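Accompanying notes for the structure given below.
The model shown is predicted, which means the values in this text are computed figures rather than measured ones.
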Amino acid sequence: MRGVRLRTSFKLPLVLLVIVMLASIGAVCAVAVAQTTPQRPFARVVEEWTTALDRAAQELAAPEISPARAQALQRRLRGIEAEARAIKADATAALAPLRSQLEALGPPPAEGDQPEAPEIAAERQRILQDITDYESRIKQADLAIARVKEISDQIAARTLQQSLDRLFRKFPSPLAPHTLKVAVPELVEIVGLLAGAPVEWWQGLSPEQRWRGLPYRLGALVLFALVVGWGGRWALLHWFGRTAAIERPSYARRLTGAVAHGLAQGLIPALIFGIILYGTTVPSNLLNGLFARMVAALSTVLILIVLAWAIPRAVLAPDWPAWRLLPISSTHARMITRRITFLAVVFGVDLFFALASANLVLSDALISLYTLITKVLEAAAILALLDVRLWQWEEEEKGPAAEAAPTPPGGEAPRRMRVSYWSMLRRLVGVAAIAAVIMAAIGYPNLSRYVIQNLLLSGLAVGVLFLIRGVIRELIGMALRARFVQVQLGLPHKIRSRYKFWLRVLLDFVVHVAGLVVILIIWGVPAETIAVWAADALQEIRIGNVTISLVDILVAVAVFTLVLILTRALQRMLAEQVFPHTDLDIGVRNSLSAGLGY
């Protein structure tokens, strides 16, 4: 028994010893890797910076710079800035011990005093030279960072101006008689060209390709899609789908059912169209020319329409009131899903024409007239979706379905979801949709298309983030209800509730930031520019003479949280596995545990 007690009492020191050994091995490996990694001379690094920055400045002198080239330049500039900041940080860290050594040597002898020993003088000279070298590195790095910022701002300004020039390019008025006279015959000609593309493609195939190659390949693709699609659909609905046996499902169960039904109802057709889309991009396929572009465009559009049909029905569940994620009536749920599907069909037709005719030369008159027609339809569908009555909770007819319907968040009082915020956003979107129609009518089709398409993509992004947020919120709750958290870490219900609240607050912050970034990218802000903004905000925030680093703050919070969790685990291990096998007094045990916590 004594041997068992002795072995148990040495468990904690043994664990700590293993941790220290692993950390030492990791440190030795890191030093070895750092020593074997070749380092470029600093003079060569500065030369490379100067060459790259000069080349970027020369490219900016060109009349126009493509978006792809602008992004490549921004990536190169970010690499230079990151390297300069790393060198500056290393040099700053190296200066502190050198200055301490110089201070330890004391001031040099004054004129007329006894000269210091030669080895001391040589050491002082070496330290002064090292300080000068490191200070020079810091200045060179600051200069490179300043040039990077200047050139990056110029690139952002150039790309913004080019984008504005494209958006505000004036086209002929779509309602002018001359525009109609030119656009209508051209539209008929384009439609005839698209309609004749399949016949032209079929006539260009050899008999062997028509009756042997094409059917086998197409049949294999469709069979593969059906097998995988039906199998995945059955598994999703069987394991995670909705069921009438559960009369009052929890939010987590409703969310799981929505995801399962959204994937299942859109999985098979989306998979089939996706495979066909992939097949059109393979160089050895039988499709070519205009018909290949039409098939690829049609596959993309059908994927979009299928998802637009499946996802709203998964979230709103028109025929499953108890499984609905949003507190709206079944009547309104059906109306919303129909209007979203109509909007997807209109947008899909527009997208198909744009993709299929990408390599065709279209007149300004046709672009202006076509944009007005499509944007009027799309704006009308958007305005129909913004009807406030659709998003208002209404009493259903009495019955089991009505009793099982989810209650609005917060009880009966809030009949609308966050009235002030959503009403303001709804008005803003409505004004933007109407403005887009006006833009198309007065001859600015690019600007009109930009507004409508980005409104639709922004709505899609918000919907996806809403679902992701719901899933992660439920995962946080499940994690804090786990046995490990309750038993091993010993967190009481009150503490776990507090952690859940703050973790969900952090999740909402992250989701809002992610949504802002995604929407900025959708509306044309380059990802490289957002990365520069984020790096500046995270690395240095200056308030007077004080510099705050959000990265350091986040790292400190993460380290504190990790140490707190480890401390709780060690305290519990001491209390349950070590102290019971000792003769220590209860007061000594509490003191040791509290000391470890401190």
Side-chain angles (χ1 to χ4, degrees), residues 27-99 125-163 517 521 525-542 547-552 554-555:
V28 171
C29 293
V31 171
V33 171
Q35 290 176 350
T36 57
T37 302
Q39 299 291 333
R40 294 173 297 166
F42 181 68
R44 182 175 179 182
V45 173
V46 173
E47 182 181 355
E48 292 176 357
W49 291 349
T50 304
T51 302
L53 293 173
D54 290 343
R55 186 180 298 118
Q58 291 174 0
E59 291 195 34
L60 281 176
E64 187 172 353
I65 179 172
S66 66
R69 186 54 190 160
Q71 292 181 4
L73 286 177
Q74 290 282 26
R75 284 194 295 270
R76 176 58 179 156
L77 292 175
R78 280 213 322 274
I80 294 174
E81 182 181 8
E83 190 176 23
R85 289 188 182 278
I87 290 176
K88 179 182 177 181
D90 293 341
T92 303
L95 280 176
L98 289 174
R99 286 170 177 159
Q125 186 62 31
R126 184 192 66 80
I127 294 174
L128 288 173
Q129 183 61 44
D130 289 344
I131 291 176
T132 302
D133 291 342
Y134 283 120
E135 288 178 343
S136 174
R137 292 191 179 196
I138 293 174
K139 292 178 180 178
Q140 292 280 7
D142 286 335
L143 178 60
I145 293 172
R147 286 199 66 190
V148 164
K149 188 176 186 309
E150 178 185 356
I151 296 175
S152 179
D153 291 343
Q154 291 177 3
I155 293 174
R158 283 286 303 276
T159 54
L160 176 61
Q161 186 59 47
Q162 290 176 183
S163 299
V517 171
I521 293 175
V525 180
E528 314 298 332
T529 303
I530 297 176
V532 171
W533 292 347
D536 292 341
L538 291 174
Q539 292 173 358
E540 289 185 351
I541 297 178
R542 294 188 178 275
T547 301
I548 300 174
S549 174
L550 293 180
V551 173
D552 293 342
L554 294 176
V555 169

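- Pairing each heavy atom of L98 with each of I127, the nearest pair is O-CG2, 3.5 Å.
- What you find for A56 and L73 is that their closest heavy atoms are CB-CD2, 4.1 Å.
- For the atom pair CD1 (I131) and CZ (R99), the distance works out to 6.0 Å, reported to the nearest 0.5 Å.
- Interatomic distance, I80 CD1 to R75 CZ, rounded to the nearest 0.5 Å: 13.5 Å.
- Between A144 and L53, the shortest heavy-atom distance links the atoms O-CD1, 4.3 Å.
- Summarising the geometry, atom CG belonging to D90 is positioned 10.0 Å from atom CD1 belonging to I138; distances are rounded to the nearest 0.5 Å.
- Side chain of R137 to backbone of I87: no donor-acceptor contact under 3.5 angstrom is found.
- A141 approaches W49 most closely through the heavy-atom pair CA-CZ3, 4.1 Å.
- Among all heavy-atom pairs drawn from I155 and A70, the shortest one is CG2-CB, 3.9 Å.
- How far NZ of K88 is from CD of Q140: 13.0 Å, rounded to the nearest 0.5 Å.
- Ion pairing between a basic and an acidic side chain is recognised when a charged N comes within 4.0 Å of a carboxylate O; R44 and E48 show such pairing.
- Atom CD of E135 sits about 9.5 Å away from atom CG of D133, to the nearest 0.5 Å.
- In this view, E150 satisfies the side chain to side chain donor-acceptor pair (under 3.5 Å) rule with no residue, not counting sequence neighbours.
- Between Q162 and I65 the shortest heavy-atom distance is NE2-O, 2.7 Å.
- Here the side chains of Q74 and L77 are in contact, with some heavy-atom distance below 4.5 Å.
- Taken to the nearest 0.5 Å, the CZ atom of R55 stands 13.0 Å off from the CG atom of L60.
- Remark: K149 engages D153 in a salt bridge, criterion side-chain N to carboxylate O under 4.0 Å.
- Panel note: side chain S136, backbone T132; no donor-acceptor pair is recorded below 3.5 Å.
- Counting heavy-atom neighbours within 6.0 Å of R76 CZ, excluding the residue itself, gives a total of 12 or less.
- No side-chain donor-acceptor contact under 3.5 Å links D54 and Q58.
- Salt bridge present: E81 and R85 bring a charged side-chain N and a carboxylate O closer than 4.0 Å.
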